[in-house]
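Here is the structure we will look at.
Ligands are counted one by one from 1 in listed order, and the atoms in each one are counted from 1 as well.
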Amino acid sequence: MIEQDRITAFINSLDRGNAEFLDELEREAKAGEVPIIRKDTQALLKFLLSMNKPKNILEVGCAIGFSALLMGYYSNPDTRITTIEKFEKRIPIARDNFNKYDPDNKITLLEGDATEILKTLSPGYDFIFMDAAKGQYINFLPDCLRILNKGGLLVSDNVLQDGDVIESRFAVTRRDRTIHARMREYLYELKHNDALNTVILTVGDGMALSLKL
Ligand code: SAM
């Protein structure tokens, strides 16, 4: 693990960084202990966006808007991003950040629980970024697959849970046991669903990339 941390630090040291407002937001998020995507996850997202050029992005788990703004900044001008957040304390901060840093109104924030909101969304997304409560990914999956276009990409973050996912269920704390079991079930489903081609990467806290066939 220590070796892996050094490799990640080396890779991150080569990164050219982001636009200044994103660096500032990242600092604010860290200071406020808001969990946002890691540096290497940011780099992978930017790479995928420049390769896939999605028109319609959905994010599940907005927090204060860092990753939505990153995707907005590093995507084509006609790309639209819908992002979902349920935590009342974070919603006004995200709105404020979008007012400040999304001058072209590329981003739409939907307030509420993704469990309910996902059911109301129509098909037509070509990129879905899943970054909400890890124990709920498996519940969100059917709706995500319903609204994801064929040829579209589902990107799931935090799927390795800092290595916990490979531990025995008895080695994780009681509180995390349900999340542990659900994440294993989720990864199994991503790899065995005939409608998907999935690769699991050790980038960040583990990322699964699933192409809808
Ligand atoms: N994507 C963000 C970024 O990198 O800037 C970070 C998202 S943070 C890891 C996860 C967010 O998902 C939290 O703010 C949490 O409140 C939200 N969340 C968790 N479960 C949710 C749900 N069921 N519906 C909507 N939001 C949810």
Inspect the contact between Arg95 and Glu111 and indicate whether a charged nitrogen and a carboxylate oxygen are less than 4.0 angstrom apart. yes
Side chain or backbone, does Ala114 bring an N or O within less than 3.5 Å of an N or O on ligand 1? yes
Heavy-atom contacts with Gln136 under 4.0 Å: which atoms of ligand 1 show up? List them by number with element. 23 (N)
Which of the numbered atoms in ligand 1 are below 4.0 angstrom from a heavy atom of Ile36? 3 (C), 4 (O), 5 (O)
Do other residues, nucleotides or ligands put more than 12 heavy atoms under 6.0 Å from the CD atom of Glu88? no
I'd like to know if Cys62 contacts ligand 1, where contact means a heavy-atom distance under 4.0 Å to any ligand atom. yes
Does Tyr188, at its OH atom, have more than 12 non-hydrogen atoms belonging to other residues, nucleotides or ligands within less than 6.0 Å? no
What's the shortest distance from atom 26 (N) of ligand 1 to any protein heavy atom, and which residue and atom give it? Lys86 N, 3.3 Å
Polar contact flag for Ile37 and ligand 1 (N/O pairs, less than 3.5 Å): yes
Would you say CZ of Phe21 has more than 12 non-hydrogen atoms from neighbouring residues, nucleotides or ligands within 6.0 angstrom? yes
N/O of Phe87 under 3.5 Å from N/O of ligand 1, yes or no? no
Under a 4.0 Å N-O cut-off, is there an ion pair linking Arg90 with Glu33? no
Any N or O on Asn158 sitting closer than 3.5 Å to an N or O of ligand 1? no
Please identify which atoms of ligand 1 are closer than 4.0 Å to at least one heavy atom of Asp113. 22 (C), 23 (N), 24 (N)
Examine Arg90 against ligand 1 and note whether any of their N/O atoms are separated by less than 3.5 Å. yes
Any idea which atoms of ligand 1 are less than 4.0 Å away from a heavy-atom of Ala133? 19 (C), 20 (N)
Atom 3 (C) of ligand 1 has as its nearest protein heavy atom Ser67 OG, 3.0 Å
Could you measure the distance from the CD1 atom of Ile37 to the CG atom of Asn158? Nearest 0.5 Å is fine. 10.0 Å
Does Arg182 form a salt bridge (Lys or Arg N to Asp or Glu O under 4.0 Å) with Glu185? I'd like the steps, not just the answer. CA-CA 5 Å; Arg182 288 190 183 161; Glu185 192 188 341; 6.0 Å; no
Distance under 4.0 Å to a non-hydrogen atom of Phe66: what atoms of ligand 1 satisfy this? 5 (O)
Taking atom 8 (S) of ligand 1 as the reference point, the nearest protein heavy atom with its distance: Pro35 O, 3.5 Å
Check this for me, if you would: do Asp126 and Lys55 make a salt bridge, where the nitrogen-to-carboxylate-oxygen distance has to be below 4.0 angstrom? no
Assess Gly112 for proximity to ligand 1: is some non-hydrogen atom of it under 4.0 Å away? yes
Side chain or backbone of Phe140 under 4.0 Å from ligand 1, or both, or neither, by non-hydrogen atoms? side chain
Just wondering, are more than 12 heavy atoms of other shown residues or ligands nearer than 6.0 Å to OH in Tyr73? no
